[in-house]
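Heavy atoms only: backbone and side chains are in, while hydrogens, waters and symmetry mates are out.
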Amino acid sequence: MVRPYRERRAVLEDLFAREGLGALFTLCPNTTDRATAQDWLDPAWGEVGLKVSLRIPY
């Protein structure tokens with residue numbers, strides 16, 4: 001059975017914190033706050049190379 005996204009995300013966050021992962025690995029920011037997400041989609045961010053990945057719950 002597949003674990004819910006929130007559980008999988010928590011495992012990844014713990015792994016990054018515990019192992020100090022960086023450089024080759026990136027844990028993308030995550031939010032459920034609409035205003036924060038809209039800010040991330042602001043065209044001004046495109047100038048600094050922000051790439052957006054959207055996950056649609058199923």
Side-chain angles (χ1 to χ4, degrees):
M1 182 173 201
V2 177
R3 294 168 82 179
Y5 175 77
R6 287 182 181 175
E7 287 181 24
R8 297 190 318 263
R9 176 71 186 203
V11 169
L12 278 175
E13 289 174 351
D14 181 59
L15 177 67
F16 270 71
R18 188 178 62 243
E19 301 296 328
L21 295 177
L24 295 177
F25 303 97
T26 302
L27 187 59
C28 297
N30 181 48
T31 187
T32 57
D33 181 70
R34 184 180 180 92
T36 299
Q38 286 177 322
D39 185 48
W40 291 345
L41 294 172
D42 185 316
W45 283 101
E47 296 175 13
V48 294
L50 179 70
K51 293 183 180 179
V52 177
S53 175
L54 301 175
R55 185 190 76 81
I56 300 172
Y58 53 91

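Heavy-atom contacts from other residues, nucleotides or ligands closer than 6.0 Å to CZ of Arg34 number 12 or fewer.
No continuous path of hydrophobic side-chain contacts links Val11 to Leu15 [ILVMFWY only; heavy atoms under 4.5 Å].
Gln38 is linked by a side-chain hydrogen bond (donor to acceptor under 3.5 Å, both in side chains) to nothing, counting only residues two or more places apart in sequence or in another chain. The side chain to side chain contact (heavy atoms under 4.5 Å, CB included) check on Thr31 picks up Asp33, Thr36, Ala37, Trp40, with sequence neighbours excluded.
Of all heavy-atom pairs spanning Leu27 and Phe16, the tightest one is N-CE2, 3.6 Å.
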